[in-house]
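Okay, so here's the structure we're looking at.
Everything numeric here is computed off the predicted structure, so don't read it as measured data. Letters A, B, ... mirror the listed sequences (proteins, then strands); counts begin at 1.
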Amino acid sequence: MTLSDPGTPIRAPRPTGWYLPWVFLGISAVFLLSIFGRMNPPKEPYNLDRFARIPVVENGRVKPLESAARGYLRMISHREEFVDEKGDKQPAIQWYLDVISARIGDRDAAAWKHKVIRIENDQVLAEMKLVAREGLRYSIDEIRPQWEDLVQKHSAAMEKKRAGKQLDLFENKILELADRVQLILSINQLRGLDHKENRLLLLPPAEDGGEWHSLGEYREKALGDAELAGMRAAKAKLDAEPQHLDRLSEDQQAAVIQSLYGFDIDRLPAEMRPKRVQDALAILRMDPSMIRETMRPKWLEAVLALLPPEAQVEVRKLTKEEADRQLQANPAAADWDRMIAAYRDRDPGDFNAVVGSYRDKYMAHVPADALARARVEVTYDRFAPFYQCTGLYVLVFLLSGAGFILRAAEKPKWGEALRKSATRVLILTFIVHTAALITRMYLMDRWFVFVTNLYSSAIFIGLGCVALGLILERLYPIGIGNVLASTLGLATTIVAHNIASEDTLEMMQAVLDTNFWLSTHVTTVTLGYTATFVAGFLGIFYIAMMLAAVIRDSFTYPQPPTVGPLVAFGVAAVGLVTIPLLLVWQLVTALSRYDVIHSSLPSILLFVLAAAGGIYAVSLLVQRAGVEGGSSTGQVPGIARPVAAMALTPETGKILGQMIYGVVCFATLLSFVGTVLGGIWADQSWGRFWGWDPKENGAVLIVLWNALILHARWCGLVKDRGVAVLAIVGNIITAWSWFGTNQLGIGLHAYGFDTRLADGCANFWISMLVILGLGLIPRQYWVSATRRPASAGATAAANAPPASLNGHTAPGGKKKARQR
Amino acid sequence: MNPTTAEMDAEPRTERTQPGLDYYARKGLKALASLQLTVVLFALSIGLVFFGTLAQIDFGIWKVVEDYFWSWVVWVPLDLINQFGQVFFKEQFPKGTTWSGSFPFPSGKLLGGAMLINLLAAHLVRFRLTWKRSGVLILHSGLILLFVGEFITREYAVEQRMIIDEGQTVDFAEDSKKFELAIIDRSDAKEDQVTSIPESVLRETKGRITDPALPVDVEVVQYMVNSRLEKPTADKPNPATAGNMATPGAGQIAVEVPEVSGVDPNQKVDVPSIYVTFFKKGTDRPLGTYLLSVWLKDDSLEVDGKKYDLAFRFKRYYKPYRIKLIDFRFDRYLGTEKAKNYSSEIVLIDPEMGIERNQTIRMNEPLRHRGETFYQSNFMNEGKDVETTVLQVVKNPGWLIPYISCILVSVGMLLHFGIYLNQFLTRRAAI
């Protein structure tokens, strides 16, 4: 139409806001790229980046040191970075370096000042004489004054635990705090969690196929050997003059007692003193190797005190030299020592020199693929793809929401532009999400295995939901697919974040260690869960839109209302506000573990939303009450327009019905095949096809429920609305078999018990039941959404014909209308 | 709207005046075939599976399967609902309370049978061999096969286990759930003479057990399904009068403990013990009361100067083949004690079939021989000089059925949904 340039052919004008999708896609892409730019730790003055990349073994596999440090900090602090004393955010590796280089006795060491230990329990805080503060994180220095108390409470709780008694919350939290402190001290000793299933091994193998070793153990042994050598030397000097011990002065005797037992001999009754002295001297006469390890330093001190000063110096020097010699015997261990010493002495040059050459010097005997994986893991950890996805899903959700609002506000073109923007960003997010999952497979060296633990099941279900949402959006470009994909993508990434363990790439139990079954059974059954969830959430949409239809119908109903419609109207208005609030409530509860935002912000947000929703619902009610008496004009008042715009129409009702039906079919297929494949796996691994294990039962419940929905629809017991309501029950069942069954603590599949999950399940169920209840409003109050002009005749068996043509006087929706 | 009119719409009647017998038969069959019934049966099954899951909090899996899934009617205790509440709704269901009472619920056999009838009737009534219904037909026949397979497994599958030390050759398997009292005559150097009394006889016989094959008469004093050993005290004197456990000072007594429940994460098994009195054959002269238990080593008894070994042990089945364990391996993840894989390197020797071959049995890689399947199930003495492997031996004539039925159902569903999806997409394209 532009006539200014007649040379070019006439083009159709670009639709309003055509550039918006590109703008939002660009913003998201720039956001992702910017993370790459700022995710690496500093290289100056200390080359932390290089240090972080040192390959180590932790939790049964080769990984970068940084990954171990992140895991430890997450256990202690519930996050992977910390705020230093200046108030700057610092990476986990900085904290790790501070801890390993701190001396226990050094009160000024930075490590003891870092506020990293999370203490959530009020009682424990009170016990530690600490005041609750934002983030609830405290430093070792702050805990130190109550040390004795903590040790005492800890041993009491351990005692109780060993006796097989149930611990209360306080005792559990004390144990948790003690574990956190213990982990820091263990790291300080160059160890890690160091229990049966997980040790931190810093020393790489010295030959091909050799073993990794723990630096902490190595040092302890080296220092122990040196100490023993020193003790031997001291003993030799003492034995040079055999009668010396019998001729000790009282002061010397007192010094021996003080060194060995740590108390003043004068505090003993006089008659007990000679016996004590004799015992002590007997210990000094023993061969050093017979002395208990914990006693050795005291023994050495006691003997040294009896030797002349020059002999003392000689023994100490010998001990030191022996220790150095032992530590230098392993070059990698020596380099670790040098790194730590250089960092302690604030010598970046030396630190960077050692760190810079470490990989080249010592990684020759580590398999190349393990090293390559460790390199990728650094990027994966730093980029935190699922974390970024969470943010992008929020953006998609906001864009789709805004799109709906604009459409409701009668600006359909802008609404459409925003819907397209949402889809674009969603596709980008989907790509990131998928790439991250593929990276996980590479890191675990398990191709096509999407799910290895509860964490990855959440991630994978999220991906499946987003994929289904995108397909639905492609089939029906009305924005519902976007909202569904972003809501479920967001919800699942948040759930995953909440249940993330110390190492989300943990190794699998032996019986699960089979890529074939993991990739077939687990993937299929998880996709079955996914589809059931998607159907359930589409059901929620249906119910919400149905409630909007109740409101619209109530306003457009030509006669003055009677009690029934008014009640229905009230329920619908309240329900319409309640549904999003319930979902937000779920998210807010789950969000409490994210530390990005101020801890009370989600609650404030929830409150504001609830207030706004409440006001809106009340004003709707007032409006409706105002119309009463005066006969309705059949017009929807301004305030209810947005609601009316999103209300169910025969067309959208049909589309949603088809969507839910299709997804339920898909869910039935996948969950059935997945469940039976599980049975076959069981047959392969212990010869029992079906064991009635709770998790198996959970899976079969989903199959049965989906089959029930389909059969109920086929025989006309339910129609679109009924299927929607039943699909919501599907949500309840899926949550039960995904998380609920684990909480009973029974059976083979019982991984991951967590009281928070039990509460989460309960909250989710209650929400679903409320929505389900709202979905039972009789059809007569939203009849306009079911009445179709002339039979469209589409998809014969699958679609319910108009319920009744009698309008408001028709009895409720339970009527059986036979098809065919 | 009453049902008759509904029926009329669907199936116009021809003989209005005198409905014959076949009319009623047809009507009955139609009722049996109704989809509404299917929905009700699905709903009941969901309830059953749910309660059957909760019941595992209190009872072992075997008991639950027996009560809930392999019976006609089950009385579901109300307390299950309370326990469910205690896990998920802590505030509303305080700890320490129990609910009494129970309600009847149709259980596995009834529901499974009803579903089968419903399904068969449905196909009888609505049978039409059309392309459109082919998927449904295939998938339902797969389902029927699944039922059949589960029935065969349940009725005919036998689970045993073989415990073999490295270097040892074993020609029998044990039952892991049944026990026997074996009286062994080792006087022949070449072959032991074993006479055993099965658990069922021990538990059910009142009074004396006599048999020509037995060198003595046996009377069961007490049979404990699950037991624990402890030192005798003043209030708990030692009932044993003979055998190792009667020795003053060294003897132990068995105390009955409840059967293993499903809550136990280690899935322990019941360890039974038995007090038996032996009598000189055909007389009332007691030879002593023995404590025999799976916990304990073999005991011995002397009758007329002849020594017999006594063992209360897992029931044994002797096989026509032998298995020799060469090596048991336990692979761990780097630097941890966490298991990566277990495997047993064995030699299978079957003289009748002329087989002698080396084979490795791993987790998820069983060995199949003579209709039996050998699974790596457990191990003992790990890290010692002679390690011991535990192989699960399963004989299940129906093991292949689930595989076939899975394929049938998947193909059926794909076909059925595919046909409709195709239809839907073409119609959409047409618009």
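Inter-residue side-chain proximity for B:Asn364 and A:Trp681 is flagged as met; some heavy-atom pair is nearer than 4.5 Å. The shortest side-chain heavy-atom distance between B:Val409 and A:Val673 does not fall under the 4.5 Å cut-off.
Using a 4.5 Å cut-off between heavy atoms, A:Leu669 contacts chain B through both its backbone and its side chain. There is no contact between B:Leu421 and chain A, counting heavy-atom distances below 4.5 Å. The contact between B:Thr38 and chain A is made entirely by side chain atoms (from C-beta outward), counting heavy-atom distances below 4.5 Å. Contact of A:Thr675 with chain B is not made at all, since no heavy-atom distance falls under 4.5 Å. For B:Ala157, no part lies under 4.5 angstrom from a heavy atom of chain A. Proximity to chain A involves both the backbone and the side chain of B:Ser410, based on heavy atoms less than 4.5 angstrom apart. Only the side chain of A:Leu710 comes within less than 4.5 Å of a heavy atom of chain B; its backbone N, CA, C and O stay farther away. For chain B, the nearby part of A:Ile766 is the side chain; its heavy atoms alone come within less than 4.5 Å. Only the side chain of B:Leu146 comes within less than 4.5 Å of a heavy atom in chain A; its backbone stays farther off. At a 4.5 Å heavy-atom cutoff, B:Arg154 makes no contact with chain A through either its backbone or its side chain.
Between the CZ atom in A:Arg61 and the OH atom in B:Tyr333 there is a gap of 11.0 Å [rounded to 0.5 Å]. The line from CD1 of B:Ile46 to CG of A:Leu701 is 6.5 Å long, rounded to the nearest 0.5 Å. Here B:His416 contributes atom NE2 and A:Cys665 contributes atom SG; the two are 7.0 Å apart, rounded to the nearest 0.5 Å. Atom OG1 in A:Thr741 sits 10.5 Å away from atom CD in B:Gln56 (nearest 0.5 Å). Between the CG atom in A:Asp693 and the OG1 atom in B:Thr53 there is a gap of 9.0 Å [rounded to 0.5 Å]. A distance of 5.0 Å separates CH2 of A:Trp692 from CZ of B:Phe69, quoted to the nearest 0.5 Å.
Using a 30° and 60° split on the angle between ring planes, A:His711 and B:Phe42 fall in the tilted class, from 30° to 60°.
Ranked by heavy-atom pairs shorter than 4.5 Å toward chain A, the options B:Arg332, B:Gln392, B:Glu159, B:Glu150 are led by B:Glu159. The greatest number of non-hydrogen atom pairs below 4.5 Å with chain A, out of B:Leu139, B:Val49, B:Leu425, is found for B:Val49.
Considering only residues two or more places apart in sequence or on other chains, B:Phe84 meets the ring-ring contact (aromatic ring centres under 6.0 Å, His included) condition with A:Trp736, A:Trp765, B:Phe50, B:Phe88. The side-chain hydrogen bond (donor to acceptor under 3.5 Å, both in side chains) test applied to A:Asn763 returns no partner, not counting sequence neighbours. Partners of A:Phe516 according to the ring-ring contact (aromatic ring centres under 6.0 Å, His included) rule, which considers only residues two or more places apart in sequence or in another chain, do not exist here.
Without hydrogens or angle criteria, B:Gln36 side chain to A:Gly716 main chain gives no donor-acceptor distance under 3.5 Å. Counting only distance, with no hydrogens or angles, the side chain of B:Tyr375 and the backbone of A:Asp683 share a donor-acceptor pair below 3.5 Å.
Residues of residues 399-408 of chain B that come within less than 4.5 angstrom of chain A, heavy atom to heavy atom, are B:Trp399, B:Pro402, B:Tyr403, B:Cys406 in numerical order.
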